[in-house]
Amino acid sequence: MNIRYLDFKKQETELYDEIWELSEELDRLYKEGKDTTDTIQRFGEVLEEFLLFRQHGGKDSLVKVKP
């Protein structure tokens with residue numbers, strides 16, 4: 001299998017996982033009545049990174065998400 005394809009799938013999976021985790025965190029914070037501002041900002045950054053990743057066919061990460 002093509003190494004490039006495997007790298008693409010790995011990056012894509014990592015982004016999907018991060019989106020899922022942030023979605024779960026947002027849901028939890030909302031249900032607990034806590035402030036979601038920081039999580040929403042991180043969520044937006046990850047979605048932007050994912051969009052750019054898909055538009056550029058998985059080429060180098062164009063947006064650096066803060067941990």
Side-chain angles (χ1 to χ4, degrees):
M1 190 173 279
N2 185 334
I3 296 293
R4 177 94 170 106
Y5 175 78
L6 292 175
D7 288 342
F8 174 86
K9 292 310 286 181
K10 181 181 178 208
Q11 285 180 290
E12 183 180 52
T13 300
E14 289 171 356
L15 287 168
Y16 280 141
D17 290 345
E18 194 165 358
I19 290 167
W20 179 262
E21 289 169 12
L22 287 169
S23 177
E24 292 289 312
E25 183 178 336
L26 278 172
D27 188 47
R28 180 183 54 78
L29 291 172
Y30 179 77
K31 286 178 181 176
E32 293 174 0
K34 295 183 178 177
D35 182 27
T36 58
T37 305
D38 292 337
T39 305
I40 288 172
Q41 182 176 352
R42 287 187 0 243
F43 192 78
E45 290 169 355
V46 173
L47 288 176
E48 183 179 357
E49 181 177 2
F50 180 75
L51 177 64
L52 291 171
F53 172 81
R54 294 300 299 224
Q55 286 176 343
H56 296 279
K59 295 178 183 161
D60 298 327
S61 207
L62 301 174
V63 176
K64 300 298 181 199
V65 175
K66 299 171 193 166

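Every value quoted in this text rests on a predicted model; they were computed, and no experiment measured them. Along the sequence shown, residues carry numbers from 1.
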Trainee: Could you grab the distance from atom CZ of Phe50 to atom CD of Gln55, nearest 0.5 Å is fine?
Mentor: 10.5 Å
Trainee: Taking the six-membered ring for Trp, are Phe8 and Phe53 parallel (under 30°), tilted (30 to 60°) or perpendicular (over 60°)?
Mentor: parallel
Trainee: Working to the nearest 0.5 angstrom, can you tell me the gap between Arg28 CZ and Leu26 CG?
Mentor: 9.5 Å
Trainee: Check the hydrophobic clustering (I, L, V, M, F, W, Y; side-chain heavy atoms under 4.5 Å; chains of links allowed) and say if Ile40 and Ile19 are grouped together.
Mentor: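 Yes: a chain of side-chain contacts under 4.5 Å links Ile40 to Ile19.
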Trainee: Can you name the closest pair of heavy atoms from Leu29 and Thr36 and give their distance?
Mentor: CB-CG2, 3.7 Å
Trainee: Do the side chains of Asp38 and Arg42 get close enough for a salt bridge, i.e. N-O under 4.0 angstrom?
Mentor: no
Trainee: Quick one: does Thr13's side chain have a donor or acceptor within less than 3.5 Å of a partner on Lys9's backbone?
Mentor: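 Such a contact is found between Thr13 side chain and Lys9 backbone.
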Trainee: Which distance, rounded to the nearest 0.5 Å, do you find between the CG of Leu47 and the CG of Leu52?
Mentor: 11.0 Å
Trainee: CD of Gln11 to OH of Tyr16: how many Å apart, nearest 0.5 Å?
Mentor: 13.0 Å
